[in-house]
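Written below as C-alpha cells is the structure these notes are about.
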Amino acid sequence: MTPSPHRGPRLARLAALLADETRAAMCLALLDGRAWTAGELARYAGVAASTATEHLNKLIDGGLLAQERQGRHRYVRLAGPQVAQLIEDLSAHAAPPPPPRTLRASGASGALARARTCYDHLAGRLGTAITDAMLERGLLQGSTGFAVTDSGMGWFRELGVDLTAAASRGRRPMARSCLDWTERRPHLAGVAGAALCRHALDTGWCVRIGSGRALRVSPDGERALRELLGVGSMA
C-alpha cells in the first residue's frame with residue numbers, strides 16, 4: 001500500500017510538538033500516569049507559568065495531552081496509552097542520557113533505573129525482571145509479541161485480578177511489549193501490565209518515591225515477588 005502524501009505534514013507537526021525540550025520534559029513527567037497541574041509542570045520543567053501554559057495548549061491542541069478542570073485548577077494528563085507508548089518508544093530509541101553530575105542526580109537516576117512506572121505499568125529492572133520471570137514460567141508467551149497464556153490468566157485470578165473483565169472495558173490489547181528505555185529490553189504493558197502495576201501499588205508491594213515515577217519495592221513486595229515469580233531484590 002502506497003503511503004498517503006497527505007500524512008507527511010501531520011507527521012511533521014507531531015514531530016515538531018516533541019522537538020521542543022520543555023514539551024518533551026512535560027510529556028516524560030506525565031508518563032507517571034497521573035494528572036498534573038500546569039503549575040506543577042512549570043516547576044518541573046523550570047519555566048514560567050505563562051510559558052508552561054503556552055506549551056501545554058500546543059500539546060493539547062496536537063492531541064498528545066487531555067485536560068480536565070476542577071474548580072480553579074486545570075489538570076493535564078497524557079491523552080491515552082497510545083501516546084504513552086509513543087513517548088516511551090521514542091525515549092528508548094534516543095541516545096542514552098549523559099552521566100549524572102551530582103550525587104542527588106545519580107541517586108534519582110538509579111532509582112528510576114531500578115523500578116518505575118511507565119504510564120500505567122512497571123518498568124526498569126523490576127519491570128523487565130518480572131516479564132522475564134513470567135515468560136520463563138509460561139505465564140506469558142513471547143514468540144509473536146506478548147500474550148497471556150491460560151496459566152497466566154489463572155495466575156492473575158489467584159492474585160484476585162480478573163483480566164477478562166479489565167480487557168472488556170476498553171480496546172487495549174491484553175498484553176503487549178514495551179521497549180524499556182533504561183534496560184533496552186521489553187517489559188510487559190497492555191491490560192495485563194496495567195493490572196499488575198495497579199495490584200503492586202494497591203497491595204503495597206511497590207511504593208512511590210516522592211512525586212515522580214520511581215518506585216521502591218517494599219519488604220512485602222520483595223517477599224511476594226520472590227515467592228510468586230522467583231524475582232530477587234531490586235536493591
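- A donor-acceptor contact shorter than 3.5 Å links the side chain of Thr149 to the backbone of Leu139.
- Surrounding CD of Glu68 are more than 12 heavy atoms belonging to other residues, nucleotides or ligands, all under 6.0 Å away.
- In this structure a side-chain-to-backbone donor-acceptor pair under 3.5 Å is missing from Arg77 to Arg34.
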Please determine whether side chain to side chain contact (heavy atoms under 4.5 Å, CB included) holds for the pair Leu14 and Leu64, giving the CA-CA distance in whole Å, both sets of side-chain angles, and the decisive distance to 0.1 Å.
CA-CA 9 Å; Leu14 175 62; Leu64 294 180; 3.7 Å; yes
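- Tested against Leu28, the residues Leu90, Leu18, Ile87 include a single side-chain contact (heavy atoms from CB on, under 4.5 Å) partner, Ile87.
- Side-chain contact between Arg23 and Glu54 is absent, with no heavy atoms from C-beta onward closer than 4.5 Å.
- Between the side chain of His121 and the backbone N or O of Cys118 there is at least one donor-acceptor pair closer than 3.5 Å.
- Side-chain heavy atoms closer than 4.5 Å link hydrophobic residues (I, L, V, M, F, W, Y) into clusters, and following such links, possibly through other members, connects Ile130 to Leu163.
- A single hydrophobic cluster is not seen to contain both Tyr75 and Ile60; linkage of ILVMFWY side chains at heavy-atom distances under 4.5 Å, directly or through other members, places them apart.
- Linking ILVMFWY residues whenever their side-chain heavy atoms come closer than 4.5 Å, directly or via other members, leaves Leu31 and Leu179 in distinct clusters.
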- Message: Pair Val83, Leu30 - check side chain to side chain contact (heavy atoms under 4.5 Å, CB included), show working.
- Response: CA-CA 10 Å; Val83 174; Leu30 290 167; over 6 Å; no
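- The existence of a salt bridge linking Arg116 and Glu183 is excluded, since no basic side-chain nitrogen approaches an acidic carboxylate oxygen closer than 4.0 Å.
- Comment: Asp120 engages Arg172 in a salt bridge, judged by a side-chain N to carboxylate O separation of less than 4.0 angstrom.
- Residues Ala25 and Tyr44 share a closest heavy-atom pair of O-CE2, 3.5 Å.
- Side-chain atoms of Thr51 never come within 3.5 Å of backbone atoms of Val47 as a donor-acceptor pair (strictly under, hydrogens ignored).
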**Residues Thr182, Asp180; criterion side-chain hydrogen bond (donor to acceptor under 3.5 Å, both in side chains); working and verdict** = CA-CA 6 Å; Thr182 52; Asp180 196 288; 2.8 Å; yes
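- Side chains of Glu88 and Gln85 form no contact here, defined as non-hydrogen atoms less than 4.5 Å apart.
- Using modelled atom types, no side-chain atom of Arg74 and backbone atom of Arg69 make a donor-acceptor pair closer than 3.5 Å.
- In terms of modelled atom types and a separation under 3.5 Å, the side chain of Glu40 and the main chain of Thr37 share a donor-acceptor contact.
- Between the Arg176 side chain and the Leu188 main chain, no donor and acceptor come within less than 3.5 Å of each other.
- For Asp202, the CG atom counts as densely surrounded, since its 6.0 Å shell holds more than 12 non-hydrogen atoms of other residues, nucleotides or ligands.
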task: Under the side chain to side chain contact (heavy atoms under 4.5 Å, CB included) rule, what do Leu201 and Leu215 come out as? Steps first, then yes or no, please.
output: CA-CA 9 Å; Leu201 291 171; Leu215 301 174; 4.0 Å; yes
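- For Asp220 and Arg223, the salt-bridge test passes: some basic side-chain N is under 4.0 Å from an acidic carboxylate O.
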